[in-house]
Amino acid sequence: MLNKQQIRYCLDVFEKMYPEAECELNHTNPFELLVAVVLSAQATDALVNKVTPGLFEKYKTPEDYVSVSLEELQQDVKRIGLYRNKAKNIQKLSQTLIESYDGQVPRTKEQLESLAGVGRKTANVVASVAFDEPAIAVDTHVERVSKRLGICRWKDSVLEVEKTLMRKIPESEWSVTHHRMIFFGRYHCKAQRPNCEECSLLTLCREGQKRMKKKAHSK
DNA sequence: AACTCGGGGCA
DNA sequence: TGCCCAGAGTT
């Protein structure tokens with residue numbers, strides 16, 4: 001397991017590699033952000049914007065989503081994938097906002113997570129990005145990178161990964177770190193072929209050491 | 001813990 | 001072409 005100083009070094013490397021890794025979730029209001037994150041499950045937010053241009057012009061409020069038929073909404077989000085569930089959840093979620101939250105998006109993680117189609121990850125993203133609530137959203141990239149480097153344990157659950165990160169990273173950097181780790185995981189520490197040879201963190205990386213040793217042995 | 005939804009992106 | 005993906009709900 002990496003200590004705080006080693007983790008500090010990792011964060012600095014992330015910053016050097018992806019200095020401009022701001023949030024790609026560039027939305028004007030919490031509701032639009034919430035819908036975008038729900039839609040981008042198993043896809044990317046960039047894909048949502050690319051594949052459904054004009055979606056957020058057509059649908060601006062919870063009322064807009066429940067005013068159309070399920071079939072119409074499904075057609076509008078069809079090209080994102082997993083569209084049947086997502087469309088259904090967004091209508092259900094919109095209904096809940098109208099009935100229980102005066103049409104507004106709730107601020108707390110617990111309230112967010114109780115909405116249809118909103119799991120722990122989505123709840124944390126919305127809470128932290130839209131409301132500056134203290135939260136770290138652990139997605140597959142963050143989880144993989146944390147485990148490979150040794151920031152957390154291999155068998156840690158998502159919840160445990162989240163708690164460890166919150167404990168070992170200064171709160172003021174949670175948001176930036178989250179997005180830099182995603183870039184790092186997506187472009188460098190990839191699931192299939194991580195680029196260990198050209199990694200500045202190789203010397204302290206648990207998984208990297210293992211892989212290099214294995215590679216040397218196989219020669 | 002495993003399974004399902006699913007079209008787009010990428011090799 | 002085939003494989004994978006910034007997840008969540010159900011069994």
Side-chain angles (χ1 to χ4, degrees), chain A residues 14 17-18 20-27 30 32-56 65 70-97 105-106 109-130 133 135-148 151-162 165 174-195:
Chain A
F14 295 156
M17 293 177 74
Y18 308 104
E20 78 295 349
E22 292 294 322
C23 186
E24 292 182 1
L25 302 164
N26 207 5
H27 294 282
E32 191 177 305
L33 173 73
L34 174 61
V35 173
V37 179
V38 170
L39 285 176
S40 66
Q42 290 296 92
T44 65
D45 194 66
L47 180 72
V48 174
N49 293 327
K50 182 176 180 183
V51 129
T52 61
L55 185 75
F56 295 120
Y65 285 99
L70 177 58
E71 290 72 23
E72 182 174 348
L73 182 56
Q74 285 178 335
Q75 283 309 309
D76 286 338
V77 301
K78 187 174 172 58
R79 296 184 60 203
I80 301 173
L82 309 181
Y83 62 95
R84 274 186 271 261
N85 291 340
K86 287 175 183 176
K88 209 177 293 179
N89 283 334
I90 286 170
Q91 284 197 329
K92 199 168 167 188
L93 157 171
S94 297
Q95 194 62 43
T96 307
L97 294 191
V105 179
K109 292 183 276 185
E110 291 73 20
Q111 289 170 322
L112 285 164
E113 207 177 343
S114 71
L115 299 172
V118 179
R120 188 167 190 89
K121 184 248 168 183
T122 303
N124 281 341
V125 170
V126 174
S128 63
V129 175
E133 295 277 326
I136 297 182
V138 177
D139 53 52
T140 55
H141 289 315
V142 173
E143 181 179 358
R144 183 178 65 251
V145 169
S146 301
K147 290 185 175 181
R148 279 183 178 166
I151 294 176
C152 64
R153 277 182 278 268
W154 269 112
K155 53 181 179 179
D156 279 353
S157 65
V158 172
L159 195 67
E160 289 168 323
V161 177
E162 186 184 320
L165 291 176
W174 286 356
S175 175
V176 225
T177 300
H178 167 74
H179 293 101
R180 286 181 187 146
M181 281 180 83
I182 289 188
F183 273 69
F184 182 72
R186 195 198 299 173
Y187 298 118
H188 189 88
C189 193
K190 293 177 282 193
Q192 274 68 32
R193 296 165 167 272
N195 192 358

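Letters A, B, ... mirror the listed sequences (proteins, then strands); counts begin at 1.
Atoms NZ (Lys86(A)) and P (dG8(B)) sit 12 Å apart, rounded to a whole Å. Computed from coordinates, the Asp76(A) CG to dG7(B) P distance equals 15 Å when rounded to whole Å. Rounded to whole angstrom, the span from the CZ atom of Phe183(A) across to the P atom of dA6(C) amounts to 12 Å. Summarising the geometry, the separation between CZ on Phe184(A) and P on dA6(C) is reported as 15 Å, rounded to the nearest angstrom. Tyr83(A) places its OH atom 14 Å from the C1' atom of dT4(B), with the value rounded to the nearest Å. Atom NE2 in His141(A) sits about 14 Å away from atom P in dC4(C), given to the nearest Å. If you measure from atom CG of Asp139(A) to atom C1' of dA8(C), you get 14 Å, rounded to the nearest angstrom. The distance between atom CD of Glu143(A) and atom P of dA6(C), rounded to the nearest whole Å, is 12 Å.
Within 4.0 Å of Leu47(A), counting heavy atoms only, lie sugar-phosphate atoms of the nucleic acid but no base atom. At the heavy-atom level, Ala137(A) lies nowhere under 4.0 Å from the strands shown. Within 4.0 Å (heavy atoms only), Lys78(A) reaches sugar-phosphate atoms of the nucleic acid but no base atom. The residue Gly81(A) sits close to a base: some heavy atom pair falls under 4.0 Å.
Heavy-atom minimum distance, Trp174(A) versus Leu165(A): NE1-O, 4.2 Å. Between Arg144(A) and Lys190(A) the shortest heavy-atom distance is NE-C, 3.7 Å. Nearest heavy atoms, Val118(A) versus Ala123(A): CG1-N, 3.7 Å. Here the closest non-hydrogen pair linking Ala137(A) and Val125(A) is CB-CG2, 3.4 Å.
One finds a side-chain N or O of Lys50(A) lying less than 4.0 angstrom from the OP1 or OP2 phosphate oxygen of dG9(B). Listed pair Thr44(A) / dC5(C) fails the phosphate criterion, with no side-chain N or O lying under 4.0 Å from OP1 or OP2. OP1 or OP2 of dA8(C) sits under 4.0 Å from a side-chain N or O of Thr122(A). Contact annotation: Gln42(A) side-chain N/O to dG7(C) OP1/OP2 distance is under 4.0 Å.
Mapping Ser40(A) and Val118(A) onto DNA chain C by nearest heavy atom places Ser40(A) at the nucleotide closer to the 5' end. Comparing Glu113(A) and Ala191(A) by the nucleotide of DNA chain C that holds the closest heavy atom to each, the one mapping nearer the 5' end is Ala191(A).
Considering only side-chain atoms of Leu82(A), the nucleotide from dG9(B), dA8(C), dG6(B) that sits closest is dG6(B). Among the nucleotides dA6(C), dG7(C), dG6(B), the one closest to the side chain of Arg84(A) is dG6(B). Set against dG9(B), dC4(C), dC5(B), the side chain of Gln192(A) has dC4(C) as its closest nucleotide. Listed nucleotides: dC5(B), dG8(B), dA6(C). Nearest to the side chain of Arg79(A): dG8(B).
Classified by interplanar angle (parallel below 30°, tilted 30° to 60°, perpendicular above 60°), the ring pair Tyr18(A)/Phe184(A) is perpendicular.
Nucleotides dT11(C) and dG6(B), compared at atom P, are 16 Å apart to the nearest Å. Look at the C1' atom in both dA6(C) and dA2(B): the space between them is 22 Å, to the nearest Å.
Salt bridge annotation for Glu113(A)-Lys109(A): absent, with no cationic side-chain nitrogen under 4.0 angstrom from a carboxylate oxygen.
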